[in-house]
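Proteins come first, then strands; the chains are lettered A, B, ... in the order of their sequence lines, and each starts at number 1. Below, all heavy atoms of this structure are taken into account, side chains as well, without hydrogens, waters or symmetry copies.
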2 protein chains.
Amino acid sequence: MLPELSDVECKSEKSSHLLSQTWDSYDMEATITPYTGFEVLKSTLPPCQVCRAPASGYHYGTNTCEACKVFFRRSLTKHTDYRCKNGRNQCMSSDDYIFNCKSCRFKKCVSEGMSRDRIKIGRYSRERRRENFNKLSEIISNKPSIPHMMNFADADIVTVYCRESFSKFTDATWGKEIHNLYERLYSAILETQGSSWSKEDFMDIVEVTGVEIDGRRSFAEISQKLLKRNIQFLYKFARALPGGKELPNEKFVVDFFNYPEYIKFAIAMSYNFYWSNDEFVFTVDDKQFLMHKNELEHFLDKEVLSYQMEISERKNKLNLTVEETMFVFALQIIKPSAQYPKMGVANQRLNLAFTRYLQTTYGNDYHKRLRDIINFVSFFNEKIYFLKKWTKKNERYLNYLTDCKLMKLFWIEKQPGWEYDILDNFQEIDEPQ
Amino acid sequence: MLPELSDVECKSEKSSHLLSQTWDSYDMEATITPYTGFEVLKSTLPPCQVCRAPASGYHYGTNTCEACKVFFRRSLTKHTDYRCKNGRNQCMSSDDYIFNCKSCRFKKCVSEGMSRDRIKIGRYSRERRRENFNKLSEIISNKPSIPHMMNFADADIVTVYCRESFSKFTDATWGKEIHNLYERLYSAILETQGSSWSKEDFMDIVEVTGVEIDGRRSFAEISQKLLKRNIQFLYKFARALPGGKELPNEKFVVDFFNYPEYIKFAIAMSYNFYWSNDEFVFTVDDKQFLMHKNELEHFLDKEVLSYQMEISERKNKLNLTVEETMFVFALQIIKPSAQYPKMGVANQRLNLAFTRYLQTTYGNDYHKRLRDIINFVSFFNEKIYFLKKWTKKNERYLNYLTDCKLMKLFWIEKQPGWEYDILDNFQEIDEPQ
DNA sequence: TAAAGAGGTCACCAGGTCAC
DNA sequence: GTGACCTGGTGACCTCTTTA
Ligand SMILES: [Zn+2]
Ligand SMILES: [Zn+2]
Ligand SMILES: [Zn+2]
Ligand SMILES: [Zn+2]
């Protein structure tokens with residue numbers, strides 16, 4: 001079990017954001033003009049520790065903007081009965097530091113150390129001026145400060161821990177997990193070869209004669225067995241994530257299946273597959289399997305194949321690392337929650353770990369990589385969405401191919417009440433074999 | 001292996017702009033020559049008799065700070081119509097901030113004997129000097145704080161204070177703390193010499209014959225006794241840190257053990273150990289002990305030894321100072337907390353103190369050093385993580401080596417509910433011997 | 001003649017005001 | 001309710017004067 005960051009705030013200062021928003025508007029030369037009230041721009045101050053706006057000074061023991069200063073004062077003298085808007089108590093941790101939740105803004109003020117007895121007025125001492133200057137130059141030059149670095153150390157451990165845990169999934173030998181996997185896959189594919197029956201033909205023939213004219217059902221069966229085993233592994237990984245034990249069992253299961261896109265994502269990213277001359281090539285463990293486009297087209301149809309091809313092309317172009325896949329998946333599972341504040345902390349740690357991973361891997365260009373990943377994820381989700389629509393449209397066909405209720409839930413758009421279906425059928429995942 | 005933080009971190013285009021406009025306008029260097037008044041640290045002065053801030057001198061017949069001095073003057077020349085804010089005339093007695101009630105501040109000034117006719121100008125006479133000295137030593141003997149640092153910057157006070165407190169750990173003579181320590185260590189090592197039984201052999205033999213064939217259990221016992229005593233010292237240090245008394249007891253204990261990595265870190269960094277020709281050399285107090293690689297390999301195994309060697313090599317290469325170890329440890333214990341805002345303030349102070357320490361020790365290049373330190377911390381944590389996995393795997397062996405539950409908690413990955421175990425077993429740490 | 005404080009200076013902030 | 005802008009203190013640093 002990873003040590004917990006209980007009740008701790010990980011603040012990752014988004015310096016790029018900072019630079020663009022905070023300092024552009026400032027006119028350095030203007031600072032030298034003699035003081036006449038409010039014109040003096042305190043450009044030698046670090047930004048508002050509460051909202052990241054340019055600070056107007058040191059108020060109640062913290063560098064804050066005029067707005068946060070007066071907000072804090074009014075909070076002290078009048079309103080203390082704030083309640084968080086969305087109940088998560090995390091409204092301030094977003095990138096933009098814009099508050100629409102008074103409760104969280106006030107909490108942030110307090111946690112930054114604002115308080116009546118920390119008031120400091122009068123001229124700055126040399127010491128304080130130097131502190132400000134140091135802080136500022138750390139931010140401006142993007143040099144790592146100590147709090148950053150301490151968080152980095154934690155982030156590294158999170159990465160090591162998750163990577164180790166995730167490797168049980170990525171390094172699994174599926175042939176050992178599933179009896180006769182290769183043989184069954186191979187023979188199922190063999191049985192599909194040369195078949196040119198469409199979905200409709202297939203269903204009609206089964207309906208009328210009771211005979212399955214090719215191997216598509218065997219193929220669906222064995223591949224779904226594999227898929228299910230994969231989900232089992234991912235579920236275990238998810239549970240072992242920091243924060244993964246905060247939720248009660250049932251809630252966690254429901255959350256886990258709430259976004260099956262990401263399960264599909266993690267699985268899809270962990271297998272090798274590509275198209276080569278109208279031949280779909282995929283690898284399980286170290287075995288390669290081939291399926292021809294023609295058969296797949298009859299097996300499924302052109303629409304699905306085009307999704308498949310696009311995904312496969314973009315996937316191979318982007319070439320996600322194991323860690324990237326892992327973090328994208330983990331961040332989808334471990335999300336801030338109103339009821340379970342530790343989930344929020346865990347989410348921040350994972351976030352930071354991911355950022356740190358990207359930073360160390362891609363250097364200062366990591367934003368670009370992150371953008372590419374995000375684009376790809378949303379592209380992938382879009383395709384999965386269409387795939388779901390397609391499956392829904394072909395629900396009858398799906399029923400011919402599998403009896404497993406969980407798989408149907410997994411592949412078809414969720415209907416109201418799906419949570420109960422999942423829970424009813426979950427033991428298949430929870431208790432393997 | 002983890003990727004390490006690279007040196008390429010400065011990227012902002014704005015930096016030149018801002019950085020070039022250092023606060024030269026305030027001219028640090030220039031002030032020092034013509035004027036001696038403020039640079040001289042008045043370390044022989046008792047604190048301000050009105051507000052307890054560092055005094056700047058003897059003003060109007062009393063040792064006061066600059067602020068109280070000028071407040072008194074202005075009160076004389078202008079405002080005498082102060083009225084106590086809450087009518088109780090006791091506002092200065094509490095820790096309330098002094099701006100709250102001018103009336104009480106002025107009354108305090110008067111009651112401390114401030115007056116125009118008590119003005120003393122010019123060089124100190126011998127009596128006045130002695131007077132100050134006596135007052136000071138009285139304060140020192142009453143309070144364990146460091147009043148002679150009163151006029152230093154807060155960062156320095158924090159550093160000196162922590163250093164003094166930490167030295168109780170680093171300068172401890174363990175031979176005095178633990179009865180017959182050296183003898184027991186020495187004889188335990190002697191008993192392991194020449195033994196080539198593996199972990200499994202050892203367990204089997206104990207199991208079957210009840211005989212412990214070598215000294216490994218004695219060695220484990222005495223070294224864990226030492227370890228526990230070290231933890232006791234570190235716990236006391238942690239409690240004495242600024243902010244260390246903010247948390248309720250139980251929460252603090254749990255937080256303290258939440259990151260046993262950092263406890264191990266602090267301890268490991270405070271001992272001398274290295275490898276020399278397949279000989280593991282470690283020092284306790286001023287005594288050297290040797291263990292041969294072969295025996296250690298049987299005692300533990302190759303995996304653990306390789307961690308040990310890597311750690312020892314990098315540790316000795318980096319050569320952390322006592323202060324660095326101390327701050328890394330302290331910053332892990334004293335962390336910002338939304339629930340306890342004073343922890344956040346304490347964390348800021350420690351940060352500042354650490355920054356300041358690095359700056360004065362390594363100059364403007366201190367970021368490089370900081371980066372090295374954090375990379376090492378990450379590396380160390382990673383190894384500890386693997387060590388924990390190893391211990392978990394060899395839990396049965398550990399059970400043969402120690403009965404102490406706390407030690408087991410300390411060495412094995414934490415399981416859910418560990419907090420209760422820690423609390424149940426903590427009195428061993430809290431009440432030594 | 002160097003050390004030390006009184007008084008001056010002006011950067012600095014809490015709280016108030018007012019237009020939105 | 002918010003936040004830009006004043007007003008009336010405040011206090012760090014300086015200059016000038018006094019004194020051991
Ligand atoms: Zn703000
Ligand atoms: Zn909120
Ligand atoms: Zn004072
Ligand atoms: Zn009063």
Item checked: Test item: side-chain donor near acceptor, B/T64 and B/Y58, under 3.5 Å -> no
Checklist line | A/K108/A/E112 ion pair, N-O < 4.0 Å | finding: yes
Notebook entry, point to check: Strictly by modelled atom types, are A/Y60 and A/S115 linked by a side-chain donor-acceptor pair under 3.5 Å?
Noted result: no
Next item on the list: Nearest 0.5 Å please: distance from the CD atom of B/Q359 over to the CG atom of B/D365.
Entry: 11.5 Å
Note to self: OP1 or OP2 of C/dA3 versus the side-chain N and O atoms of B/Y58: is any pair under 4.0 Å?
What the structure shows: no
Notebook entry, point to check: Using a cut-off of less than 4.0 Å, is there contact between a side-chain N or O of B/R73 and OP1 or OP2 of D/dT10?
Noted result: no
Item checked: Phosphate-side-chain proximity, A/K69 and D/dA4, N/O vs OP1/OP2 below 4.0 Å -> no
Item checked: Salt bridge B/R356-A/E127, side-chain N to carboxylate O under 4.0 Å -> yes
Notebook entry, point to check: Nearest of D/dT18, D/dG3, C/dC13 to any side-chain atom of A/A67?
Noted result: D/dG3
Note to self: For a quick test of reading the model: is some side-chain N or O of A/R74 closer than 4.0 Å to OP1 or OP2 of C/dG16?
What the structure shows: no
Notebook entry, point to check: Looking at A/R129, does any N or O in its side chain come under 4.0 Å of the phosphate oxygens OP1/OP2 on D/dA12?
Noted result: no
Check: Any side-chain donor paired with an acceptor under 3.5 Å for B/R369 and B/Y362?
Finding: yes
Check: Which nucleotide, D/dG11, D/dC13, C/dG7, lies nearest any side-chain atom of B/R105?
Finding: D/dG11
Check: A/R128 side chain N/O closer than 4.0 Å to the phosphate oxygens (OP1, OP2) of C/dA11?
Finding: no
Notebook entry, point to check: On DNA chain C, nearest-nucleotide positions of A/G122 versus B/I119: which is more 5'?
Noted result: B/I119
Item checked: Secondary structure of DNA chain D in dot-bracket form (Watson-Crick or G-U wobble, distances below 3.5 Å, | marking inter-strand pairs) -> ||||||||||||||||||||
Note to self: Using OP1 and OP2 only, check whether a side-chain N or O of A/K120 sits under 4.0 Å from D/dA12.
What the structure shows: yes
Note to self: Whether A/Y124 contacts D/dG11 is assessed here as follows: a side-chain N or O lying under 4.0 Å from the phosphate OP1 or OP2. Is that the case?
What the structure shows: no
Note to self: The side chain of A/I121 is closest to which nucleotide in this list: D/dT18, C/dA14, C/dG7?
What the structure shows: C/dA14
